[in-house]
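Below: the structure, in structure tokens.
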Protein chains: 2
Amino acid sequence: MTKQTPTIGSSTYQRIKHDIIFGLLEPGSKLKLDTLKERYATSNSTLRETLNRLTSEGFVESPAQRGFYVTPVSREDLLEVAELRVLLECHALELSIANGDTDWEGNLVAAHHKLHLMEERMQSGDQSDKEMWKRYDWEFHLAMIEACQSKNLLSLHSILYDKYLRYQNLVLTYRGAEAVEEHKGMFDAALARDAEKAKELLELHIRNGLTHTLAAM
Amino acid sequence: MTKQTPTIGSSTYQRIKHDIIFGLLEPGSKLKLDTLKERYATSNSTLRETLNRLTSEGFVESPAQRGFYVTPVSREDLLEVAELRVLLECHALELSIANGDTDWEGNLVAAHHKLHLMEERMQSGDQSDKEMWKRYDWEFHLAMIEACQSKNLLSLHSILYDKYLRYQNLVLTYRGAEAVEEHKGMFDAALARDAEKAKELLELHIRNGLTHTLAAM
DNA sequence: AAAATCAAAATATCAGATATTATTGCCAAT
DNA sequence: ATTGGCAATAATATCTGATATTTTGATTTT
């Protein structure tokens, strides 16, 4: 599990982004360079580069001449993010189902299996490793759309997924059995190459998650 | 026309982005810091911040430890960008037509009028100010979707538009009368609140532009 | 040709310094 | 008390120059 981080900059980027997504850096909070310097043990310049990247992805805001802030959350923003995720992920799913080859299927089966194991552990009460669960969730959703043959689409989707994830993490509650069913349903439809059904279930899945999250905000 | 640029960083960002989109910085070319320092009269740190932003938007690539390059172009990438633009812009258009109020209509009428004036000038042979024409084209397309009520959507669209524009600028040829008709058609459909027709025309408009550009690559 | 070697060039990172801008606290005027 | 102005203070944006690593290219060796 030792992740190779080629450069300090990229590892700082990952760490700060992670901390924003998982709520360790609170929405709206000020990102003072001096504080970050201690926290992430890196220099002014590297930090500013990182924060600029995160700004253009939308995780950080930087009003002119006033430094950096963690992008605030709001119901409207969550709604927008969820809608866009539906739009992009459903589109990608359709393409992926149309183009996916044997490797895609194999990878998908593996991803679903791992996610499912994790879900069973979560349901039996062991909610100790939420972060790992979210990682498997991500890997499953990615595996579903990975054969869409559009790098641009995958990269936009990845950002949206992370934005959506931040909201989920904010409310902290596990949706449980329903989500498990939904995953299974999408998975089966995808393997059966039933794009329409898969899209429908995916849309439902995202919207259910949205409702669940909105209710807890 | 004097655009206020609050900070050196943001103006450098705009200038470099502009130069990439308009082909002054060639696809695939190396962005050496020392060279850029002269060209844009700014410092190492500011440049690196700028290039990091552009990297995360996809206009620049930065393979680990090997500096910065202008993102190369390819037919596949153009196809992806065009498809995504269709997806996002049509979706935004539908929302915008549903939500647009009087201000939206007024603004749209103005934008179309300005674009049309420009198009007439272009068609009568005066192709001296391509950049201005592209600006009006952008303002028109933006005015169409501006009432979609999703900042996230507008910001993704803006990046895609610019990526698409870079390809158009590469081939340099004016599509002429057809595009004028298409703009008019979309405009009329939007004012008539005929979302289906407007979307159809927009999709056609983008795909025609794509064909035109691909043919010249 | 492929592999190994090594100097030169580029890159990533850092530590200050400085000018500019935002913030804050204080005082006077209403 | 509230407002407006202003100086003192704190932050920010930007720049310079230094250093450790890495990459690149040329050269040599296998």
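In this text, all values refer to a predicted model and were calculated from it rather than measured experimentally. Here is how names work: the chains are called A, B, and so on, in the same order as the sequence lines, proteins then strands, and each is numbered from 1.
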Test side-chain hydrogen bond (donor to acceptor under 3.5 Å, both in side chains) applied to B/Tyr13 - qualifying residues, sequence neighbours left out: B/Lys17, B/Glu57
Pairing residues for A/Arg207 by the side-chain hydrogen bond (donor to acceptor under 3.5 Å, both in side chains) criterion, not counting sequence neighbours: A/Glu83, A/Glu203
Side-chain heavy atoms of B/Thr213 within contact of B/Leu170, under 4.5 Å: no
Of all pairs that satisfy ring pair (Phe, Tyr, Trp, His ring centres under 6.0 Å), the ones with a partner from residues 15-65 of chain B, not counting sequence neighbours: B/His18-B/Phe22
Bounds of contact between DNA chain C and chain B, in 5' to 3' order, using a heavy-atom cut-off under 4.0 Å: C/dA10 to C/dT13
Any donor-acceptor pair under 3.5 Å from A/Tyr136 side chain to A/His113 backbone: no
Whether A/Asp162 side chain and A/Ile21 backbone form a donor-acceptor pair below 3.5 Å: no
Partners passing side-chain hydrogen bond (donor to acceptor under 3.5 Å, both in side chains) against B/His116 (at least two apart in sequence or in another chain): none
Chi angles and distances behind the side-chain hydrogen bond (donor to acceptor under 3.5 Å, both in side chains) call for B/Tyr161, B/Asp137: CA-CA 10 Å; B/Tyr161 180 93; B/Asp137 184 72; 2.7 Å; yes
Opening and closing nucleotides of DNA chain D in contact with chain A, under 4.0 Å to non-hydrogen atoms: D/dA11 to D/dT14
Rounded (10°) bend between the five-pair end axes of the helix from C/dA1-D/dT30 to C/dT30-D/dA1: 30°
Greater than 12 external heavy atoms within 6.0 Å of A/Lys151's NZ: no
Contact list for DNA chain D against residues 53-69 of chain B - heavy-atom distance below 4.0 Å: B/Gln65, B/Arg66
Interface residues of residues 36-50 of chain A with DNA chain C (non-hydrogen, below 4.0 angstrom): A/Thr42, A/Ser43, A/Ser45, A/Thr46
Cut-off 3.5 Å, no hydrogens considered: what does the side-chain donor-acceptor table look like for residues 25-39 of chain A, sequence neighbours left out?
residue, atom, partner, partner atom, Å
A/Ser29, OG, A/Glu26, O, 2.6
A/Lys30, NZ, A/Arg66, O, 3.4

Minimum side-chain heavy-atom gap B/Val81-B/Leu210 below 4.5 Å: no
Pair A/Ser56, B/Ser56: side-chain N/O donor-acceptor within cut-off below 3.5 Å: yes
Residues forming a ring pair (Phe, Tyr, Trp, His ring centres under 6.0 Å) with B/Phe140, sequence neighbours excluded: B/His112, B/His183
Pair B/His205 and B/His141, ring centroids less than 6.0 Å apart: yes
Set of side-chain hydrogen bond (donor to acceptor under 3.5 Å, both in side chains) partners for B/His212, sequence neighbours left out: B/Thr173
